[in-house]
Amino acid sequence: MRKLLLIGLIGFALLGCDSKKGTFLETVASENDHAASVAKLEKLIIDQGLTHFSTMDHRANARNVNMNLKPETVVVFGNPKMGTVLMNCNPSMGLDLPLRILVTTNYEGETSFIYTNPEYWSLKHNIKDKNCLNILTKAKIALDNLAKEAGKK
């Protein structure tokens, strides 16, 4: 009976490991190919009045050193007003700002957007200020909406 209970508890614990709640990275599938996903993301960033700082094509950089890499592009953008408030809460926030979204395509041709869940930064940077926590929650929602919209056909 104790063995059965122990097996049941282990099984229950393992089921809980599949939870996406509290994950550091968020992934959103795209219905578009890699190039279209990047282009749509960049356009949405500009259209929403955000600042587009840079787009880094890791695959092109790999080719420059005669190496292969599946398509991977990082789009760096942000809202300086939001970022300044967060960096005033803790200057270490500057390590994670501006925002960035990775657009990646796997070997099956499936493209997705990957970004850090901003709520994780409250732990990483010991953010306790209610205004800053509210901004991080809004940033999480905004990033999710941005990735989902950029992923639509």
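Heavy atoms only: backbone and side chains are in, while hydrogens, waters and symmetry mates are out. This is a predicted model, so every value here is computed, not measured.
Lys70 has its side chain out of reach of Thr105: every pair of non-hydrogen atoms, C-beta onward, lies at least 4.5 Å apart. By the 4.5 Å heavy-atom criterion applied to side chains, Val103 and Thr111 are counted as neighbours. The closest side-chain heavy-atom distance from Ile101 to Phe77 is below 4.5 Å. Side-chain contact between Lys40 and Lys152 is present, with heavy atoms from C-beta onward closer than 4.5 Å.
Note on Ile114: it clusters hydrophobically with Met56, by side-chain heavy-atom contacts below 4.5 Å among ILVMFWY residues. The cluster map of Ile, Leu, Val, Met, Phe, Trp and Tyr, joined by side-chain heavy atoms under 4.5 Å apart, puts Ile46 and Leu99 in different clusters. Hydrophobic clustering of Ile, Leu, Val, Met, Phe, Trp and Tyr side chains at less than 4.5 Å, counting indirect connections, keeps Leu95 apart from Trp121. Under the 4.5 Å side-chain contact rule for hydrophobic residues, Phe24 and Ile127 share a cluster.
The environment of CG in Asn68 is sparse: at most 12 heavy-atom neighbours from other residues, nucleotides or ligands sit within 6.0 Å.
The OG1 atom of Thr104 lies 11.0 Å from the CD atom of Glu110; values are rounded to the nearest 0.5 Å. Atom OG1 of Thr73 and atom CG of Leu41 lie 10.0 Å apart (nearest 0.5 Å). Taken from CZ in Phe113 to NZ in Lys148, the straight-line distance is 12.5 Å, to the nearest 0.5 Å. Separating the CD1 atom in Ile141 from the CG atom in Leu143 is a distance of 10.5 Å, to the nearest 0.5 Å.
Closest non-hydrogen pair, Ser37 versus Ser30, comes out as OG-OG, 2.7 Å. Across every non-hydrogen atom of Ile45 and Val75, the tightest pair is CD1-CG1, 3.6 Å. Summarising the geometry of Leu136 relative to Glu119, their closest heavy-atom pair is O-CG, 4.4 Å, with the distance given to 0.1 Å. Minimum heavy-atom separation, Lys128 to Leu133: O-CD1, 3.6 Å. Annotation for Glu72 and Leu102: closest pair OE1-CD1, 3.8 Å, computed over non-hydrogen atoms. The shortest non-hydrogen separation linking Ala139 to Met82 is CB-SD, 4.2 Å.
The salt bridge (charged side-chain N to carboxylate O under 4.0 Å, His left out) test applied to Lys153 returns no partner, not counting sequence neighbours. Listed by chain and number, the residues in a side-chain hydrogen bond (donor to acceptor under 3.5 Å, both in side chains) with Asn134 amount to none (sequence neighbours excluded). Residues satisfying the salt bridge (charged side-chain N to carboxylate O under 4.0 Å, His left out) test with Lys43, not counting sequence neighbours, are Asp47. Qualifying side-chain hydrogen bond (donor to acceptor under 3.5 Å, both in side chains) partners for Thr55, counting only residues two or more places apart in sequence or in other chains: Glu42, His52. Among residues two or more places apart in sequence or in another chain, the ring pair (Phe, Tyr, Trp, His ring centres under 6.0 Å) test is passed with Tyr115 by none.
A donor-acceptor pair under 3.5 Å is formed between the side chain of Arg59 and the backbone N or O of Leu69. Side chain of Asn79 to main chain of Thr51: no donor-acceptor pair is present (N/O by atom type, distance under 3.5 Å, no hydrogens or angles). Under a 3.5 Å cut-off, the side chain of Asn117 and the backbone N or O of Lys140 do not form any donor-acceptor pair.
Results of the side-chain contact (heavy atoms from CB on, under 4.5 Å) test with Met93 over Asn88, Thr84, Leu86 single out Leu86 as the only residue that passes.
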Any chance you could lay out the side chain to side chain contact (heavy atoms under 4.5 Å, CB included) test for Val65 and Asn61, step after step, and finish with the verdict?
CA-CA 7 Å; Val65 293; Asn61 292 332; over 6 Å; no

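Applying the disulfide (SG to SG under 2.5 Å) test to every pair with at least one member in residues 88-153, sequence neighbours left out, gives these pairs: Cys89-Cys132.
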